[in-house]
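Here the structure comes first, spelled out in structure tokens, and everything after it is commentary.
So that the names make sense, note that chain A is the first sequence line, chain B the second, and so on, each numbered from 1.
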2 protein chains.
Amino acid sequence: MHSVSEENYIKAIFHLQDGKMLVSTNEIAGRMNTKASSVTDMLKKLSDKKLAEYIPYKGARLTENGVRCANQIIRKHRLWEVFLVEKLDFSWDEVHEIAEQLEHIQSQKLIDQLDKHLDFPKKDPHGDPIPDSNGNYEVINKTLLSQLKKGDKGTLVGVIDTSSNFLNYLDKHSIQLGTQIEVLEREDFDNSFTLQVNAKSLQVSQQIADNLYLKITS
Amino acid sequence: MHSVSEENYIKAIFHLQDGKMLVSTNEIAGRMNTKASSVTDMLKKLSDKKLAEYIPYKGARLTENGVRCANQIIRKHRLWEVFLVEKLDFSWDEVHEIAEQLEHIQSQKLIDQLDKHLDFPKKDPHGDPIPDSNGNYEVINKTLLSQLKKGDKGTLVGVIDTSSNFLNYLDKHSIQLGTQIEVLEREDFDNSFTLQVNAKSLQVSQQIADNLYLKITS
DNA sequence: ATTAAAGTTTAGTCTTGTCTAAAAGTATTG
DNA sequence: CAATACTTTTAGACAAGACTAAACTTTAAT
Ligand SMILES: [Mn+2]
Ligand SMILES: [Mn+2]
Ligand SMILES: [Mn+2]
Ligand SMILES: [Mn+2]
């Protein structure tokens, strides 16, 4: 159907266009580690295929078809991540790169059976929702840690960065999905936080607070 | 490491070179559905990478390195086939094409964990042996049905053709791995056979007899 | 309103893998 | 052993996807 490269661009645009009207060439290039000129070429192709609307010098966004396509790739990515963690004993920091390959395997039956084998999971190992075969998914009520005030409390329900580096850092401090987190202090000048986690206090930088989603409990 | 295309050529050469000194350009082109000129190009590349020895106008064969590489691809292919049948309820005629894609996923840990998850299977759904991580595998004692004489009996232990067409034909007659087969009659002029299978008699052409491996029991 | 800076596209090149048509090598056979 | 058939390689082209350098647009700043 679509090439691996096309699929990776579709997925990148989907993630970048959240909220925004148009996604810029440079944003896409940044996320995909390619050059702007390569992005321009691909935007023309996706536009020809009616997967994206592309306005030169302005940016692009996915069409309905493009969104449908993106959701199917994301569905595959996240189901494979669940498989790797649940069935093959991978930890949550090891699965992203492999899923990045597996998401491009073409077989409708494969993904349907995998979904069934995993007992129709609703979330992946990083707390992200898994679209069903129609592209629908549960919206999870969540707030970025970096937007909380002193005294706010919550449960970790998602991470944005799924790199080994970041997830290993969380593991080191026994932070996982479901962990209770309270904001003890917030430094305004550098946006760093002092948290109460696992009965200990922990200093975290803004960069970390920007990558943790909590479900507020008070 | 190696591209998908290179891996597919390596696998094709491996299967073709069994016994033979050298595999010809045309044999490879035939198996891969490409043109001879494309094969020549690839043989030069594999030769540069020390994966094959290539003698222009004569043919090619894999080096030790090439064989090692082929065995790892075959290991992945067959483990994925077992996974699809054992865990995802695929039938043996549906798995080959999907495994053809999955065999190119790059992750040593993935394949080790998959092997463990499947409880270290020794054979794939078509009766073919699965190499271990060192490339070693059990040699199975087997004879082509087409080489049997009247009165010979055996158990089905393997198939050569793994296309849906052929495997569906076997399913239609309830023939699977382990099925008892006896040669009731053999027609010399067209090499067709009359078999005793599942308490019924069955006429099969040479083409079918050429694709079934039996373990002789008398 | 100019000019400078930043962002984007175009033009041209490269690599991988494929193809066709033509040339060259090998095998067959009378 | 020469003519013919078959196989294989070469030469040249193409498509996908990437890159660099140059040109062009848009935005920001004087
Ligand atoms: Mn990917
Ligand atoms: Mn994930
Ligand atoms: Mn393959
Ligand atoms: Mn098989």
Spacing of B:N33 atom CG relative to C:dT18 atom P, expressed in whole Å: 11 Å
Once you measure the plane-to-plane angle for A:W92 and A:H126, does it fall in the parallel (<30°), tilted (30-60°) or perpendicular (>60°) bin? parallel
Can you give each donor-acceptor pair under 3.5 Å made by side-chain atoms of residues 135-145 of chain A, sequence neighbours left out, with the distance rounded to 0.1 Å?
none

Atom CD of residue position A:Q203 - does it have more than 12 heavy atoms of other residues, nucleotides or ligands inside 6.0 Å? yes
CE of A:M42 versus P of D:dA16: gap in Å, rounded? 10 Å
With sugar-phosphate taken as primed atoms, P, OP1 and OP2 and all else as base, the protein-contact string of nucleotides 20-27 of chain D at under 4.0 Å (heavy atoms; B, S, -) is B---BSS-
Measure the distance from CG on A:L43 to P on C:dT9 and round it to the nearest whole Å. 7 Å
Could you pull out all residues at least two apart from B:H96 that satisfy ring-ring contact (aromatic ring centres under 6.0 Å, His included)? B:H77
Starting from P on D:dA18, measure out to CE on A:M32 and report it in whole angstrom. 7 Å
Less than 4.0 angstrom from a charged side-chain N to a carboxylate O is my criterion; do A:K58 and A:E53 meet it? no
When the distance from CD1 of B:I28 to P of C:dT18 is rounded to whole Å, what number comes out? 13 Å
Near-strand residues of residues 3-27 of chain B, defined as heavy-atom separation under 4.0 angstrom from DNA chain C: B:S3, B:S5, B:Y9
Atom NZ of A:K44 to atom P of D:dA15: distance rounded to whole Å? 16 Å
Round to a whole Å and report the spacing from CG of A:D41 to P of D:dA15. 14 Å
Contacts of B:F14 meeting ring-ring contact (aromatic ring centres under 6.0 Å, His included) (sequence neighbours excluded), chain-then-number -> none
Which of B:I160, B:I208, B:D93 passes side-chain contact (heavy atoms from CB on, under 4.5 Å) with B:F166? It is B:I208
ring-ring contact (aromatic ring centres under 6.0 Å, His included) involving B:Y169 - partner list, sequence neighbours excluded: B:H173
